[in-house]
Amino acid sequence: MRLATWNVNSIRTRVRRTVDFAVREDIDVLAMQEIKCKPEQFPYAQFEEAGYQVEVHGLNQWNGVAIASRLPMTDVSTAFDAMPGFAKGHEGPDAPLEARALGATVDGVQIWSLYVPNGRSLEDPHYTYKLHWLEALRQHAASALQKNPNLPLALVGDFNIIPFDSDNGDPDIVEGVSTHVSPAERQAFFAFQDAGLADVVRPLLPEGFTYWDYQRLKFPRNEGVRIDFVLGSSPLAGAVTGASIYRDERKGEQPSDHVPVVVDLDFGGGDDGDMPMIFA
DNA sequence: ATGGCACGAGCATCGTGA
């Protein structure tokens with residue numbers, strides 16, 4: 001199975017580019033973030049013509065997540081346990097949920113397409129929301145793995161955290177001033193590791209950014225950051241045979257500001273075409 | 001000190017992004 005994650009920054013603007021990428025790179029499951037539309041506005045036809053079915057969770061012009069898959073999706077969910085909500089002047093437990101998570105099971109793999117809240121600034125209520133949202137996600141994942149340690153679980157998407165200084169090529173993002181690099185955010189990210197979910201791309205690709213701001217020539221100067229990740233449980237991590245970051249998708253006409261991150265998975269079925277059969 | 005760019009709603013400009 002080839003599993004990809006991509007913050008597309010409006011699917012209606014970039015549907016051709018997105019589907020072309022999925023077909024060209026032989027993607028089986030594509031988790032998308034920031035689709036920026038409701039289900040009735042989603043361009044299903046282009047995906048279906050290319051052989052994908054799509055699950056969509058979008059409430060308005062903000063956020064929005066989707067999963068396109070060549071194989072059937074089951075157990076579709078639009079929120080994880082205790083996922084907090086957010087709205088201006090509405091920070092209590094009754095705050096409305098946003099469209100930032102979509103879970104589905106494909107071929108026994110539980111996949112979550114995730115768009116972690118940005119945080120906006122270190123003093124903003126959105127920053128607290130971000131930390132609470134991450135903690136609820138971690139607890140949900142930990143609980144799922146406690147119930148079933150053999151579960152191949154993948155948390156993929158835009159985490160809006162720069163885990164290491166080596167992931168930060170943008171001189172405008174500075175610890176103590178900026179979000180994404182604060183100790184609390186990094187701690188929230190590393191807590192997934194303690195829950196049994198490892199970054200499965202980094203061991204294969206220690207370098208490489210996934211986002212460059214549209215402004216101030218950030219891409220030509222390569223002043224990007226690594227904020228898009230595939231976190232996998234041990235059963236999933238053990239099946240990873242490759243990883244790619246498609247930097248070229250930041251080029252050309254109307255690119256997203258993020259690029260796709262892809263992992264190749266081989267669970268030993270031998271029938272998915274990923275690996276040749278070896279006969280003695 | 002501030003803007004720079006891009007997107008969607010909706011028709012002037014604002015909220016959002018990181």
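Numbers restart at 1 for each chain; the letters A, B, ... are given by sequence-line order, proteins then strands.
Annotation: B:dT13 and B:dG3 have their P atoms spaced 16 Å apart (nearest Å). For the C1' atom pair drawn from B:dG10 and B:dG15, the interatomic distance equals 13 Å after rounding to whole Å. For the C1' atoms, the distance from B:dA1 to B:dC14 is 22 Å, rounded to whole Å. Between B:dG4 and B:dA9, the two C1' atoms lie 23 Å apart (nearest whole Å). Separating the P atom of B:dG8 from that of B:dA18 is a span of 15 Å, rounded to the nearest Å.
Side-chain atoms of A:D158 and A:Q33 include no donor-acceptor pair closer than 3.5 Å. Between the side chains of A:S256 and A:N9, not a single donor N or O lies within less than 3.5 Å of an accepting N or O.
For the side-chain contact (heavy atoms from CB on, under 4.5 Å) test with A:L3, the passing option among A:V261, A:D264, A:D28, A:V156 is A:V156; the others fail.
Rounded to a whole Å, the CG atom of A:D124 is 12 Å from the C1' atom of B:dG15.
In this structure, the separation between CD on A:E98 and CZ on A:R100 is 4.5 Å, given to the nearest 0.5 Å. Distance check, rounded to the nearest 0.5 Å: OG1 of A:T128 to CD of A:E123 gives 10.0 Å. Atom OG1 of A:T5 is separated from atom CG of A:L155 by 11.0 Å, given to the nearest 0.5 angstrom.
Remark: A:R250 is positioned above the aromatic ring of A:F219, its terminal NZ or CZ atom under 6.0 angstrom from the ring centre and at most 45 degrees off the axis. Geometrically, A:R226 does not engage A:F209 in a cation-pi contact defined by less than 6.0 Å to the ring centre and at most 45° from the axis.
In this structure, the nucleotide among B:dC7, B:dG17, B:dA18 sitting nearest to the side chain of A:R120 is B:dG17. Taking the side chain of A:Q41 as heavy atoms from C-beta on, and the options B:dA9, B:dA18, B:dG17, the nearest nucleotide is B:dA9. Among the nucleotides B:dA9, B:dA18, B:dG8, the one closest to the side chain of A:S10 is B:dG8.
Between A:H258 and B:dA18 there is a side-chain polar atom (N or O) within less than 4.0 angstrom of OP1 or OP2. An OP1 or OP2 oxygen of B:dC7 is reached within less than 4.0 angstrom by a side-chain nitrogen or oxygen of A:R14.
If you check residues 207-226 of chain A against DNA chain B, the residues with a heavy atom closer than 4.0 Å are A:Y211, A:Y214, A:Q215, A:R216, listed by number.
Taking the nucleotide of DNA chain B with the nearest heavy atom to each of A:D257 and A:I11, the more 5' of the two is matched to A:I11. Toward the 5' end of DNA chain B, the nearer of the two residues A:N60 and A:G119, judged by each one's closest nucleotide, is A:N60.
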Pairs under 3.5 angstrom, nitrogen or oxygen only, protein versus nucleotides 10-13 of chain B, please.
none

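Membership of the apolar cluster around A:V23 extends to A:W6, A:V8, A:I11, A:V15, A:V19, A:F21, A:I27, A:L30, A:M32, A:I35, A:F42, A:Y44, A:F47, A:Y52, A:V54, A:V56, A:Y246, A:V262, as traced through chained side-chain contacts below 4.5 Å between ILVMFWY residues.
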